[in-house]
Amino acid sequence: MPAAADPLWQRQLGLLLESTGEGIFGIDLDGHCMFINRAGARMLGWAPAEVLGRNMHELTHHSHADGRPYLDTDCPIFNAFRQGLACRIDTEVFWRREGTPFAVEYSSHPILDGARVRGAVITFLDITERKRAAQALQKAKDELELRVAERTGELSAALVQLRELSAYSESVREDERTRIAREVHDELGSLLVALKMDVNWLDKRLGEQQARDPAAAQDMRERMRCKCRNMSRLIENAVDNVGRIITDLRPSILDHQGLWAALEWQAQDFVQSAELALDWDMQLSPEAPELPEPAAMAVFRIFQEMLSNVGRHAQARRVQIRIATDAQALRLSVGDDGRGAPPEAFEAPTAYGVMGMRERARHLGGRIRIASQPGAGSVFELNLPFAPSHA
């Protein structure tokens with residue numbers, strides 16, 4: 001039929017098909033081409049008129065990329081009308097007229113006439129360049145990974161140690177979670193249960209008040225006042241327990257009064273709990289800058305670990321703490337008169353506490369020095385230079 005006689009919608013559809021750079025063709029239920037646009041025919045190496053009526057699977061989708069036959073019963077395109085399933089595939093090839101394959105991304109959708117399937121419409125793109133770029137990117141990535149792997153041999157021991165330290169840190173955190181959960185369950189839980197029972201008792205007694213004579217009601221009011229006072233004491237205990245748990249997690253004094261007050265509080269709390277004598281000396285220079293919050297917290301945790309080592313291992317009677325600052329650096333040392341240890345004990349792979357202190361100090365640009373001999377006690381010293389921006 002001449003183009004002038006085509007209905008308007010057919011002309012508009014034809015213009016739409018020819019205006020896209022994607023290949024588009026339609027097939028009937030036998031797989032024969034009903035229409036194809038110029039872009040699609042050009043990618044396949046045919047003229048549009050040469051394709052019409054041809055079986056498109058036999059023409060361009062007959063084999064896999066490696067040359068194995070591709071049965072039309074396995075073809076996702078045909079499933080679009082055989083099973084009513086749409087598909088989008090980017091891992092296959094179409095074949096050109098001259099017998100060469102090209103990587104293709106295609107989608108297939110059934111053509112429906114009401115509830116009846118008439119065929120399928122297929123859109124496709126040549127993605128050869130995209131695949132080539134992806135392969136080049138993967139090759140570059142593989143080469144980069146190989147170069148990185150070649151340069152990490154000397155880091156293997158450090159990585160193993162870091163993993164062990166991480167596992168130890170996680171174990172410490174898990175122990176702390178367990179301890180906190182136990183305290184919440186044993187202390188706060190029991191207090192809340194007691195409060196719940198008291199509230200239930202009060203609720204029951206209040207419901208019975210109207211049935212009592214005045215004397216009995218007055219006596220019950222006194223008993224309820226006593227019960228309320230007991231509940232108030234339970235609430236005070238709960239508040240104290242919450243405050244203690246919060247302090248264990250992060251001492252509020254560190255936020256409210258700063259690092260130096262927090263260090264002194266921690267020292268006093270430690271020697272009181274461990275029943276040790278304390279030799280305390282803190283000399284702060286007015287020229288010393290205030291440490292930023294992350295650095296202050298790291299110094300506080302290092303100090304806690306130093307004291308923890310004294311408590312766990314030293315068997316000491318006295319602990320000596322020296323803290324000094326000037327415009328350039330912070331120096332903090334914790335010494336004891338305990339049993340000491342050979343220097344190699346602090347370099348052992350299982351000395352996780354010492355590793356943790358050193359990692360924190362190294363992260364801040366500082367260092368940890370340890371002096372110890374069997375029978376002569378130990379001294380842990382942190383030397384932390386202030387960052388230039390703080391001076």
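The first residue of the sequence shown is numbered 1, and numbering continues consecutively from there.
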What I'd like to find out is whether the side chain of D279 reaches to under 4.5 Å of the side chain of I321, using heavy atoms alone.
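Side chain of D279 against side chain of I321, heavy atoms only: no contact under 4.5 Å found.
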Close side-chain approach of V310 and L276, heavy atoms under 4.5 Å
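Of all side-chain heavy-atom pairs linking L276 with V310, at least one is under 4.5 Å.
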Pairs flagged by ring pair (Phe, Tyr, Trp, His ring centres under 6.0 Å) wherever residues 111-143 is involved - sequence neighbours left out:
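Passing the test, one end in residues 111-143: F25-F124, F94-F124.
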Quick one: which residue pairs count as a ring pair (Phe, Tyr, Trp, His ring centres under 6.0 Å) with a foot in residues 332-351, not counting sequence neighbours?
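Every ring pair (Phe, Tyr, Trp, His ring centres under 6.0 Å) pair that includes a residue of residues 332-351, provided the two are not neighbours, is F346-F380.
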Counting heavy atoms not belonging to [X], are there more than 12 under 6.0 Å from its [atom1]?
| X | atom1 | value |
| --- | --- | --- |
| R97 | CZ | yes |
| E222 | CD | yes |
| R225 | CZ | yes |
| E143 | CD | yes |
| M282 | CE | yes |

Once side chain to side chain contact (heavy atoms under 4.5 Å, CB included) is applied, do any residues pair with [X], and if so which ones, sequence neighbours excluded?
| X | value |
| --- | --- |
| D281 | Q283, R322 |
| A376 | Q373 |
| A120 | I27, A80, F81, S108, I122 |

Compute the centroid of each ring, for Y70 and then for H64, and state whether the two points are separated by less than 6.0 Å.
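Yes, the ring centres sit under 6.0 Å apart.
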Is the H61 to W95 ring centre distance short of 6.0 Å?
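No.
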Could you give me the CA-CA distance, side-chain angles and deciding distance for M56 and L44, then say whether side-chain contact (heavy atoms from CB on, under 4.5 Å) is met?
CA-CA 11 Å; M56 293 302 291; L44 296 175; 4.0 Å; yes
Would you say the side chains of T325 and S285 form a donor-acceptor pair under 3.5 Å?
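No, no side-chain donor-acceptor pair sits under 3.5 Å.
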Decide, yes or no, whether a salt bridge links R96 with D126 under the criterion of side-chain N to carboxylate O below 4.0 Å.
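Between D126 and R96 there is a salt bridge, with a charged N closer than 4.0 Å to a carboxylate O.
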Can you measure from [atom1] ([X]) to [atom2] ([Y]) and round to the nearest 0.5 angstrom?
| X | Y | atom1 | atom2 | result |
| --- | --- | --- | --- | --- |
| R369 | L382 | CZ | CG | 11.5 Å |
| I302 | S308 | CD1 | OG | 13.5 Å |
| I111 | D28 | CD1 | CG | 9.0 Å |

Verdict with supporting geometry, R360 and E305, salt bridge (Lys or Arg N to Asp or Glu O under 4.0 Å):
CA-CA 11 Å; R360 288 182 190 272; E305 185 60 34; over 6 Å; no
If you link I, L, V, M, F, W and Y whenever their side-chain heavy atoms are under 4.5 Å apart, who else ends up in the same group as I127?
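Listed partners: L125.
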